[in-house]
Amino acid sequence: SGCEKDDICDANTPTTPRLIIEFYDISNPSVLKNVTNLKVIGEGMTEGIIFNPGATGENQYLTNGNKIAIPLKIDGDTTTYDFILNSGNANAALIDTDKVTFNYSRENVFVSRACGFKTLFQFASSNRIVHTPVPASKLLTWMQYISVEKSNIANENETHIKVFF
């Protein structure tokens, strides 16, 4: 009679969604294309996003697939990442870096007492994405075209951004 239900957030409860990005072949836009040793580093961070938690050293930050999930900041309306293709290549001329800034608005939604709040994102109507090469004096970017597929980021079950390269 003195027991209370534990407030435990079920691991299957949807929380703040990450941004889902898929990579496509610019020559054949309907075909997914794997990136090679892609490393994604957030502005102000020294380490990249961990794509391979079981790996050690630099390998934990690299991905070679055609789809990634990255977090957006919940305490601001912009998030900037460096997308480094061929990271760690012995030939520095083959390493390409693009800086991408995502602009959005945020809405905090109550999930439950156990889980608290989650943040949903809505891309801004203009200047949603600012894409520049690194260094800025470089003429070409490895990402040739970025398409916003879903402006409303409410879950991780759909592709929000398509990148063609």
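All of these numbers come straight from a predicted model, not from anything done at the bench.
Residues D96 and K138 are in side-chain contact: their nearest non-hydrogen atoms beyond the backbone lie under 4.5 Å apart. Within the 4.5 Å cutoff, no side-chain heavy atoms of Y61 are placed close to those of N52. Residues T132 and T141 form no side-chain contact, since every pair of their non-hydrogen atoms from C-beta on lies 4.5 Å or further apart. Contact of the Y145 side chain with the V163 side chain is not registered, since no non-hydrogen atoms from C-beta on lie closer than 4.5 Å. Here the side chains of P14 and N155 are not in contact, with every heavy-atom distance at 4.5 Å or above. With contacts defined as side-chain heavy-atom distances shorter than 4.5 Å, the pair H131/M143 qualifies.
The neighbour count for K150 NZ, taken as heavy atoms of other residues, nucleotides or ligands under 6.0 Å away, does not exceed 12. Within a 6.0 Å radius of CG in N127, other residues, nucleotides and ligands contribute 12 heavy atoms or fewer.
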Please tabulate, for side-chain N and O atoms in residues 70-82, each donor-acceptor pair with protein atoms closer than 3.5 Å (sequence neighbours left out).
{"unit_1": "D77", "atom_1": "OD1", "unit_2": "R106", "atom_2": "NE", "d": "2.7"}
{"unit_1": "D77", "atom_1": "OD1", "unit_2": "R106", "atom_2": "NH2", "d": "3.1"}
{"unit_1": "T79", "atom_1": "OG1", "unit_2": "K73", "atom_2": "N", "d": "2.9"}
{"unit_1": "T79", "atom_1": "OG1", "unit_2": "Y104", "atom_2": "OH", "d": "2.6"}
{"unit_1": "T80", "atom_1": "OG1", "unit_2": "T101", "atom_2": "OG1", "d": "2.8"}
{"unit_1": "Y81", "atom_1": "OH", "unit_2": "P71", "atom_2": "O", "d": "2.5"}
{"unit_1": "D82", "atom_1": "OD1", "unit_2": "K99", "atom_2": "NZ", "d": "2.9"}

Solution key, residues 36-46 side-chain donor-acceptor pairs under 3.5 Å, sequence neighbours excluded:
{"unit_1": "N37", "atom_1": "OD1", "unit_2": "N64", "atom_2": "ND2", "d": "3.4"}
{"unit_1": "K39", "atom_1": "NZ", "unit_2": "E58", "atom_2": "OE1", "d": "3.4"}
{"unit_1": "K39", "atom_1": "NZ", "unit_2": "E58", "atom_2": "OE2", "d": "2.6"}

Donor-acceptor pairs under 3.5 Å, side chain of residues 23-30 to any protein atom, not counting sequence neighbours: which ones?
{"unit_1": "Y24", "atom_1": "OH", "unit_2": "E22", "atom_2": "OE1", "d": "2.7"}
{"unit_1": "D25", "atom_1": "OD1", "unit_2": "S27", "atom_2": "N", "d": "2.8"}
{"unit_1": "N28", "atom_1": "OD1", "unit_2": "S30", "atom_2": "OG", "d": "3.4"}

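Note: C115 SG to D10 CG = 7.5 Å, rounded to the nearest 0.5 Å. Atom CD of residue E156 and atom CD1 of residue I20 lie 4.5 Å apart, to the nearest 0.5 angstrom. Atom CG in N86 sits 6.0 Å away from atom CG in L94 (nearest 0.5 Å). I161 contributes atom CD1, which lies 8.0 Å from atom OG of S151 (distance to the nearest 0.5 angstrom). Rounding to the nearest 0.5 Å places CD1 of I129 at 8.5 Å from OG of S147. One distance of note links CG of L120 with OG of S105; it measures 10.0 Å at 0.5 Å rounding.
Ring orientation note: the planes of F165 and W142 are nearly perpendicular, at an angle over 60° on the 30°/60° scale.
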- I146 and V100: side chain to side chain contact (heavy atoms under 4.5 Å, CB included), yes or no, with the steps? CA-CA 10 Å; I146 300 174; V100 181; 4.2 Å; yes
